[in-house]
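Every chain is numbered from 1, with letters handed out A, B, ... down the list of sequences.
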Amino acid sequence: MTDSAKPTLLVVDGHSLAYRAFFALPVDNFSTKDGQHTNGIYGFLSMLINLIKAEKPTHLAVAFDTSRQSFRTREYTEYKANRSESPSEFKGQIPLLQDCLAAMSIQVLAKEDFEADDILATLATQGAEQGYDVLVCSGDRDTIQLVNDDITLLYPNVQGVSQLKRYDRQAVIDRYGVPPEQYPDIAALVGETSDNLPGVPKVGEKTAVKWLTQFGSLDELLANADKVTGVVGNNLREHLDDVTRNRRLNRLLTDVELPVTVADLEVQPMDAQEVRDIFARLEFKTLIPRVAELAGIEQQMAAVSSAAAQLAPVAEQLDGPALAAWLTGTTGDVAITFVVQGGLPSRVGVATSGAAAEADWSAEVAAFIAPWLASDAPKVFNDAKPQVKALARAGAALGGLAFDTSVAGWLLKPSFPDKTLADLVDRYLDEKLPEADPTQLVPETEGATPGQLSWYTLRVSEALRAELAPSVASVLTDIELPTLTTLADMELAGVSVSHDKLSGFSSELGARADGIAQEAYATIGREVNLGSPKQLQEVLFEELQLPKTRKTKTGYSTDAAVLADLQEQAPHPFLDQLLQHREATKLRQIIESLDSAIAADGRIRTTYVQTGSQTGRLSSTDPNLQNIPVRTEESRRIRAAFEVGEGYETLLTADYSQIEMRIMAHLSEDPGLVEAFNSGEDLHRFVGARVFAVEPADVTSAMRTKVKAMSYGLVYGLSAFGLSKQLRIEQSEAKQLMMEYFARFGAVRDYLRSSVEQARIDGYTETIFGRRRPFPDLASPNRVLRENAERAALNAPIQGSAADIMKIALFHIHDEFAREGLGSRVLMQIHDELVVEVAPGEWDAAERIVRERMGDAASLSVPLDVQIGRGANWDEAAH
DNA sequence: TGAGACACGTA
DNA sequence: CGTACGTGTCTCAA
């Protein structure tokens, strides 16, 4: 144990220990789902956490080498020259480890031309001089020389880094037979193979210790080398230069100039949010609580100096008239929170920067504050949509929606998964939102009241506003908030779905699936669970001995593409039966989940998640109405069950044709592509004519298929390999196709290249309307990560701009329906398609509004083409 | 009970 | 070795 009265300095060699951890832990068990290996990072951090917990250092730093070059390699070019290239799986782990350490507020030190151990030596020496207990943690034996009464070395044992051996002065003597300061003399004589420093042949530790004891010092030994007898004596005399060179090189520098002093290394409280972010990214689930435990200790240590969090004001409990008076007396932003119970408001809380008030929701309260609620007075919400819906159900109108902290938080950082108020308070205010512990019957801590929630919401909104770039702020105000109220109305409306149509179809499919299953069992002579990929692998690749397919993490793939491939290579009736069984059960499962989602009034109400995507798209859950089958004739029977509701005349569907390619044409300003869209010719026919140098009329369907796949693939960053795979053509032909394509539409390639380059510089991509998506991985040294980020960055402005355009069209239509007093309403949004329920007698008006507002949602250098259909159900309306 | 893997539906 | 989503099932570990 270290003397508790003295401060403790812990200095760690990051590179050498991470490298040991890398070899100690199986790389396969430690990689993220996007392919980043993390075993070295994990092992190092795990060790460091244990170390901090055990030693409780007051001062801490981790040192790294900057490269393999240092003053030692300049002095002796062979130094460490025998070291093989570090494995590719290790590359990229060091920068990420440094990011982790930065998030943990741990000082990371590195200096050009010096090795990490020189930095350790310098800090350790300074620390010892200044009265610290010093712990040096390194995997390099040269650091043994640093040990003295104040400096202890922690050295990993052979198994890895989980156990460290303590070397104080006595331990060094016990182990090596000499005091620490003489250890380098031994090393110089024996040599160090890992550093490529040959020593005296046939001389090991024992001989070296004997000599040193005999002569007193290395200098004496070298001066009296002629007195050493035997073969080893000859060897010594022949290798005097090597020994002096070794001794020169293994001396650690204790006077490296550093930008910090030991005092600067005082342990700092860590930013729990930052730590959680990067650990989550590296998928270190078990490390998070371990670090949190440490952070708790540190926060206690740091509590004295850190500013106390502001205390939420106690909310005044008001009645209707008093609340109305309170609200009309405010100017500027007011944050408001409705507690929603059973879909209706139950309490309301409001806050300005200095005060908060709240009331139980009642008809009286509603009546008194209705004018203010409906007014343009600016209102700030956190996660407004469910509250807007509750208000609508209660018959209250809402105006002046000025800010939504959860939407703003998402715009700022779309990759951040949780957007609750507590998350935002933690992240942007660095405070804790008071929350009642739900596991306690009588919670020890009170949760925040609605007025206090509003007070936090307002403060979070101010912090967010300060961080929002102007273009992103305008996306919030001009696109997201109007979309939010539109979505609330769409969710409330729901869509009418016929239970009768669904249930009949479901039993039909169930019977069919059972029949196919029986046939399949007969084919292979036993019953298996056709839904179990694991059992299927046994059947396909072991019992039926079919050729092995694409590898997955746990074995071999049995997905539809693979089965279709197999059917060609090695036809077997089981394959077809399996595919058919999958199709039938999948359809039935979709039908069942839809059917069970039909409410008493015959309608399905989805929830559109406005903050769920990275690109700006919506998503739909409970149930997902954005992935209802459409491709096969049979699956369209499901769409036919989506019907016009009672009291309405017909459904209208409207979709943008090729919106992403049009955006590509606009952004790239490719003359050929722009002309294609302005010519009125079928896009793929036009492109096919150019690529294959034929007349548009002579474009065959095979040509059209190819350029169509190419065009769509472009938007996703498709490679020649992927294109060849999809089109089932040779890779060389795919390459040729891409060459021809880019020869005719070169500006497209130029645009795609430059947009990724710009993103690398900016760190984010931007849509036409200024929505941003950060891409830190564009700078990653890890190829897999970087290339994934490049494809996503290629796609983000295109998919995102399309999402922006559709949102604008959507709320324009919604608002114009309302303004013109129409009963027609938008029910669904499926990325590039809208489904509208048209009220009796309103077809012409609705059709005009939809067509116009979708057409003029954005002004691009190519027209936005809108296809409109009409029918009693979704399937019919699609034609 | 929960998480991960797999498969598959959509734009 | 093609972007963006959500859901259901199976499987294994806790």
Checklist entry - Starting at CD of A:Gln867 and ending at P of B:dA11, how long is that distance when rounded to a whole Å? => result 14 Å
Checklist entry - Is the distance from OP1 or OP2 of B:dG9 to the nearest side-chain N or O of A:Ser635 less than 4.0 Å? => result no
Item to check | Ionic contact status for A:Arg603 with A:Glu837, cut-off 4.0 Å | outcome: yes
Next on the checklist: Just the rounded figure in Å: distance from P of B:dA11 to OH of A:Tyr608.
Outcome noted: 13 Å
Next on the checklist: Once you measure the plane-to-plane angle for A:Tyr42 and A:Phe284, does it fall in the parallel (<30°), tilted (30-60°) or perpendicular (>60°) bin?
Outcome noted: perpendicular
Item to check | Between A:Phe745 and A:Tyr741, ring centroids under 6.0 Å | outcome: yes
Next on the checklist: Between C1' on B:dA5 and NZ on A:Lys551, what's the gap in Å once rounded to a whole number?
Outcome noted: 16 Å
Checklist entry - Got a second to check how far A:Lys551's NZ is from A:Lys553's NZ, nearest 0.5 Å? => result 14.0 Å
Checklist entry - Between atom CG in A:Leu530 and atom C1' in B:dC6, what is the gap in whole Å? => result 15 Å
Item to check | Nucleotide nearest A:Ser613 (side chain, heavy atoms from C-beta), chosen from C:dC5, B:dG9, B:dT10 | outcome: C:dC5
Item to check | Nearest to side-chain heavy atoms of A:Ser532, which nucleotide of C:dG2, B:dT10, C:dC10 | outcome: C:dC10
Checklist entry - What is the distance from OH of A:Tyr716 to P of C:dC5, rounded to the nearest Å? => result 13 Å
Checklist entry - Considering only side-chain heavy atoms of A:Thr554, which listed nucleotide, B:dG9, B:dT10, B:dA5, is closest? => result B:dA5
Next on the checklist: From NZ of A:Lys553 over to P of B:dA7, roughly how many Å is that when rounded to an integer?
Outcome noted: 13 Å
Item to check | Between C:dC5 (C1') and A:Met828 (CE): distance, integer Å | outcome: 17 Å
Next on the checklist: Surrounding NZ of A:Lys385 (heavy atoms of other residues, nucleotides or ligands, distance under 6.0 Å), is the total greater than 12?
Outcome noted: yes
Checklist outcome for this item: Which of B:dC8, B:dG9, C:dG2 is nearest the side chain of A:Pro629? It is B:dG9
Checklist entry - Which nucleotide in the set C:dC5, C:dT7, B:dT10 lies at the smallest distance from any side-chain heavy atom of A:Ser619? => result C:dC5
Item to check | Among C:dA4, C:dG6, B:dC8, the one nearest A:Ala560 by side-chain distance | outcome: B:dC8
Item to check | Distance between C1' atoms of C:dG2 and B:dG4 (Å, rounded) | outcome: 23 Å
Checklist entry - Just checking A:Arg588: base, sugar-phosphate only, or nothing, at a heavy-atom cut-off of under 4.0 Å? => result nothing
Next on the checklist: Please determine whether the number of non-hydrogen atoms from other residues, nucleotides or ligands lying under 6.0 Å from atom NZ of A:Lys501 exceeds 12.
Outcome noted: yes
Checklist entry - Has A:Thr552 got a side-chain N or O lying under 4.0 Å from the OP1 or OP2 atom of B:dC6? => result yes
Checklist entry - Within the structure shown, what part of the strands sits under 4.0 Å from A:Lys534 by heavy-atom distance: base, sugar-phosphate, or nothing? => result sugar-phosphate
Next on the checklist: Just to be sure I understand the rule, does A:Ile628 reach a base, reach only the sugar-phosphate, or reach nothing, if contact means heavy atoms closer than 4.0 Å?
Outcome noted: sugar-phosphate
Next on the checklist: Quick check for you: among B:dA7, C:dA4, C:dG8, whose closest atom lies nearest to any side-chain atom of A:Thr615?
Outcome noted: C:dA4
Item to check | Salt bridge present between A:Glu790 and A:Arg753 (N-O < 4.0 angstrom) | outcome: no
Checklist entry - For the ring pair A:Phe775 and A:Tyr764, is the centre-to-centre distance below 6.0 Å? => result no
Checklist entry - In terms of the angle between their ring planes, are A:His684 and A:Tyr712 parallel, tilted or perpendicular, with boundaries placed at 30° and 60°? => result tilted
Checklist outcome for this item: Closest of C:dT7, B:dA11, B:dG9 to the A:Thr621 side chain is C:dT7
Item to check | Those residues of residues 780-813 of chain A lying under 4.0 Å from DNA chain C by at least one heavy atom | outcome: A:Arg791, A:Ala792, A:Asn795, A:Gln799
Checklist outcome for this item: Looking only at C:dC1, B:dT10, B:dC8, the nucleotide nearest the A:Ser719 side chain is C:dC1
Checklist outcome for this item: One should read off an interatomic distance between A:Arg512 CZ and A:Gln580 CD, to the nearest 0.5 angstrom, of 8.0 Å
Next on the checklist: Mind checking if A:Thr558 touches a base, just sugar-phosphate, or nothing, with heavy atoms under 4.0 Å?
Outcome noted: sugar-phosphate
Checklist entry - Less than 3.5 Å between a donor and an acceptor, one on the side chain of A:Gln626 and one on the base of B:dG9, is that the case here? => result no
Checklist entry - Any donor-acceptor pair under 3.5 Å between the side chain of A:Arg582 and the base of B:dA7? => result no
Next on the checklist: Classify A:Val630 by what it touches in the nucleic acid, base, sugar-phosphate, or nothing, heavy-atom distance under 4.0 Å.
Outcome noted: sugar-phosphate
Checklist entry - Would you say C:dT11 has OP1 or OP2 under 4.0 Å from some side-chain N or O of A:Gln535? => result yes
Item to check | Any N/O donor-acceptor pair, A:Asn627 side-chain to B:dG9 base, under 3.5 Å | outcome: yes
Checklist entry - Could you give the NE2-to-C1' distance, from A:His831 to C:dT3, as a whole number of Å? => result 12 Å
Checklist entry - Taking the nucleotide of DNA chain C with the closest heavy atom to each, which residue, A:Arg773 or A:Phe721, is nearer the 5' end? => result A:Phe721
Checklist entry - Of all the nucleotides listed (C:dC10, B:dG9, B:dA11), which has the minimum atom distance to the side chain of A:Asn529? => result C:dC10
